[in-house]
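So you know, we letter chains A, B, ... as the sequences are listed, proteins then strands, and number each from 1. Please read all numbers here as calculations on a predicted model, not as lab measurements.
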Amino acid sequence: MPELPEVQTVANHIKPYVIGKYVLSINPIWDKVLDNFHHQDIKGRNKILDVTRRAKFIIINFEKFLIAVHLRMTGKLYVLEGTDIPKHTSAIMELESGEKLIFEDTRKFGRIYKYDDLMLINEKHGPEPLEDDFTSEWLLTNFKSRKRNIKALLLDQSFLSGLGNIYVDESLWASNIHPNSISCYIPKKKIIILHKNIREILSESIEQLGTTFISFTFLNGQSGNYSNELKIFGKQGAPCIKCSNTIEKIKVAGRGTHVCSKCQKIHK
DNA sequence: CCATGAACCTGGTCGC
DNA sequence: TGCGACCAGGTTCATG
């Protein structure tokens with residue numbers, strides 16, 4: 001599930017259930033899940049002050065530290081209903097209220113981190129695409145100063161936070177830019193359009209509670225509806241809605257990539 | 001500085 | 001039905 005809109009949706013969803021409550025412990029079920037700390041480092045009862053998002057991390061804020069949860073490919077974070085612990089549970093956070101916050105992760109790539117503050121995460125991540133410091137001027141300057149494959153660059157979290165395979169493909173298609181373009185050769189006009197499209201697509205997806213696929217319902221019957229809005233991702237073989245050319249699936253930057261070769265021009 | 005491929009894992013799908 | 005190959009919305013590391 002996990003690009004910016006999905007992570008934001010999870011953080012928004014969990015927040016009202018846990019805010020103001022006390023965490024007693026974090027139990028690793030899969031032994032590698034706690035990346036940079038030991039479960040015994042969590043002492044006593046710790047009050048959850050807030051649940052937020054930075055990049056693709058869900059940030060659980062406590063008074064003296066924070067817990068950052070990265071869902072990677074298949075992670076899910078939710079308050080358990082009932083008593084059966086799901087098969088692929090990676091970790092369980094026990095609340096004083098008796099509730100359990102479950103980190104379920106089929107492929108076990110997800111990790112939980114403990115930090116004093118956001119410093120270390122901020123150092124390794126680019127701007128938030130929906131914040132004011134992500135401007136078209138910034139994007140222009142930083143595209144021109146690099147000579148990189150555009151898709152690889154947009155996926156690079158140290159460059160820009162939060163985009164993943166779905167939203168990069170959608171943003172590039174909306175901007176008529178081929179994913180094999182080189183950043184410094186993309187015309188200014190298209191960079192400005194791309195900037196606008198990234199923000200619009202992410203905002204719209206957050207409103208729709210993100211993209212989830214048919215087989216996965218979110219929680220309490222809620223599911224993300226942005227899957228209905230996808231224009232290019234997963235549409236290989238179908239006609240492009242702008243030009244009716246057949247959408248292809250190719251490999252770019254090591255990832256499956258959806259492209260309309262008629263609409264999307266290669267700048268290189 | 002940049003690109004590529006492997007590694008980390010499990011499960012679903014597709015072709016034979 | 002069975003089986004192998006390949007794929008998956010992410011990130012990191014080694015190598016050239």
Side-chain angles (χ1 to χ4, degrees), chain A residues 1-10 28-36 53-58 68-77 86-91 103-113 120-121 123-126 129 142-173 179-185 198 201-202 205-206 208-218 223-237 249-258 268:
Chain A
M1 327 175 14
E3 299 178 43
L4 187 154
E6 291 74 36
V7 177
Q8 184 70 57
T9 300
V10 173
I29 307 300
W30 168 250
D31 60 7
K32 298 178 188 170
V33 70
L34 306 183
D35 189 277
N36 67 344
R53 180 193 59 76
R54 169 70 172 108
K56 295 177 189 170
F57 294 88
I58 297 155
V69 179
H70 201 301
L71 305 174
R72 295 286 178 96
M73 299 284 270
T74 54
K76 297 169 190 170
L77 187 69
K87 182 179 178 189
H88 296 294
T89 299
S90 259
F103 183 37
E104 187 186 341
D105 186 19
T106 308
R107 289 177 71 182
K108 299 185 170 74
F109 290 170
R111 293 292 183 271
I112 301 177
Y113 306 80
L120 288 174
I121 290 179
E123 277 173 14
K124 292 179 181 170
H125 289 79
N142 287 283
F143 271 13
K144 295 296 178 188
S145 65
R146 291 169 174 82
K147 195 170 183 173
R148 286 188 65 184
N149 172 282
I150 183 68
K151 174 151 182 170
L153 185 56
L154 292 174
L155 287 171
D156 183 345
Q157 300 296 298
S158 69
F159 177 73
L160 181 64
S161 294
L163 293 182
N165 210 26
I166 294 178
Y167 297 104
V168 168
D169 281 8
E170 291 292 322
S171 300
L172 290 175
W173 174 83
N180 268 327
S181 297
I182 304 300
S183 59
C184 62
Y185 300 132
I198 288 171
I201 287 168
L202 293 176
S205 182
I206 290 172
Q208 299 293 324
L209 306 177
T211 298
T212 49
F213 292 112
I214 309 158
S215 58
F216 177 68
T217 51
F218 206 64
S223 65
N225 291 319
Y226 196 76
S227 11
N228 300 329
E229 306 299 322
L230 297 175
K231 306 293 194 295
I232 189 108
F233 188 89
K235 306 290 187 188
Q236 60 272 28
K249 187 170 183 187
I250 60 175
K251 189 150 262 185
V252 178
R255 311 293 300 277
T257 298
H258 311 80
K268 63 193 304 180

Nearest-Å distance, CD (A:Glu104) to P (B:dG11)?
-> 11 Å
Base, sugar-phosphate, or nothing: which does A:Asn149 touch, judged by heavy atoms less than 4.0 Å apart?
-> sugar-phosphate
Return no unless some side-chain N or O of A:Lys87 is found under 4.0 Å from OP1 or OP2 of B:dT10.
-> no
Which nucleotide in the set B:dC9, B:dT10, C:dG10 lies at the smallest distance from any side-chain heavy atom of A:Arg255?
-> C:dG10
If you measure from CD1 on A:Ile112 to CG on A:Leu71, what distance do you get to the nearest 0.5 Å?
-> 9.5 Å
Within the pair A:Arg148 and B:dC1, is there a side-chain N or O less than 4.0 Å away from OP1 or OP2?
-> no
Minimum heavy-atom distance between A:Ala55 and A:His125, given as atom pair plus value | CB-CD2, 3.6 Å
For atom P, what is the distance between B:dA6 and C:dA5, given to the nearest Å?
-> 15 Å
Select base, sugar-phosphate, or nothing to describe what A:Gly256 touches, counting heavy atoms under 4.0 Å on all strands.
-> sugar-phosphate
Phosphate OP1/OP2 of B:dT4 contacted by A:Lys251 side-chain N/O (<4.0 Å) | no
note: A:Phe103, atom CZ; B:dC9, atom P; distance rounded to Å ~ 14 Å
Within the structure shown, what part of the strands sits under 4.0 Å from A:Gly164 by heavy-atom distance: base, sugar-phosphate, or nothing?
-> sugar-phosphate
If you count the non-hydrogen atoms of other residues, nucleotides and ligands that lie under 6.0 Å from NZ in A:Lys144, is the total more than 12?
-> yes
A:Glu6 side chain to A:Thr211 backbone, donor-acceptor under 3.5 Å | yes
Given Watson-Crick or G-U pairs with both distances under 3.5 Å, what dot-bracket string fits DNA chain C, with | for other-strand pairs and [ ] for crossing?
-> .|||||||.|||||||
Given B:dT10, C:dA8, B:dC8, which nucleotide is nearest the side-chain atoms of A:His88?
-> B:dT10
Distance, P atom - from B:dG11 to C:dT11, rounded to whole angstrom = 22 Å
A:Thr74 backbone acceptor or donor facing A:Lys76 side chain under 3.5 Å | no
Toward the 5' end of DNA chain C, by each residue's nearest nucleotide, A:Tyr113 or A:Lys249 = A:Lys249
Can you check the A:Leu4 CG to C:dT11 C1' distance for me, whole Å?
-> 17 Å
d(A:Ile198 CD1, A:Leu163 CG) to nearest 0.5 Å is 5.5 Å
Under 4.0 Å: is that the gap between some side-chain N or O of A:Gln157 and OP1 or OP2 of C:dG10?
-> no
A:His70 has its side chain closest, among B:dA3, C:dC7, C:dT11, to C:dT11
What is the distance, rounded to the nearest whole Å, between atom NZ of A:Lys151 and atom P of B:dC2?
-> 19 Å
How many Å lie between CD1 on A:Ile182 and C1' on B:dA3, as a whole number?
-> 10 Å
Side-chain atoms of A:Met73 come closest, of B:dC2, B:dC9, C:dA8, to C:dA8
Is the backbone N or O of A:His258 less than 3.5 Å from a side-chain atom of A:Asp169, with the two atoms forming a donor-acceptor pair by type?
-> yes
If you look at every strand shown and take non-hydrogen atoms under 4.0 Å, does A:Lys124 touch a base, only sugar-phosphate, or nothing?
-> nothing
Would you kindly check whether a donor in the side chain of A:Arg107 faces an acceptor in the base of C:dA8, or vice versa, at under 3.5 angstrom?
-> yes
Just call it for A:Arg111: base, sugar-phosphate, or nothing, with non-hydrogen atoms closer than 4.0 Å on any strand.
-> nothing
Look at the aromatic rings of A:Tyr226 and A:Tyr167 and report parallel, tilted or perpendicular, splitting at 30° and 60°.
-> tilted
For A:Asp35 and B:dC8, give me the distance from atom CG to atom P, rounded to whole Å.
-> 16 Å
Atom CD of A:Glu3 and atom C1' of C:dT11: how far apart are they, to the nearest Å?
-> 13 Å
Using atom types as modelled and distance alone, determine if a side-chain donor or acceptor of A:Glu3 lies under 3.5 Å from a backbone N or O of A:Lys56.
-> no
Could you state the CG-P distance from A:Asp31 to B:dC8, rounded to the nearest angstrom?
-> 14 Å
Any stacking of A:Phe109 on B:dC8, going by centres under 5.5 angstrom and planes within less than 30 degrees?
-> yes
Ignoring backbone atoms, test whether A:Lys56 places a side-chain nitrogen or oxygen under 4.0 Å from the OP1 or OP2 oxygen of C:dG10.
-> yes
Looking only at atom P, what distance separates C:dC3 and B:dC9, rounded to whole Å?
-> 25 Å
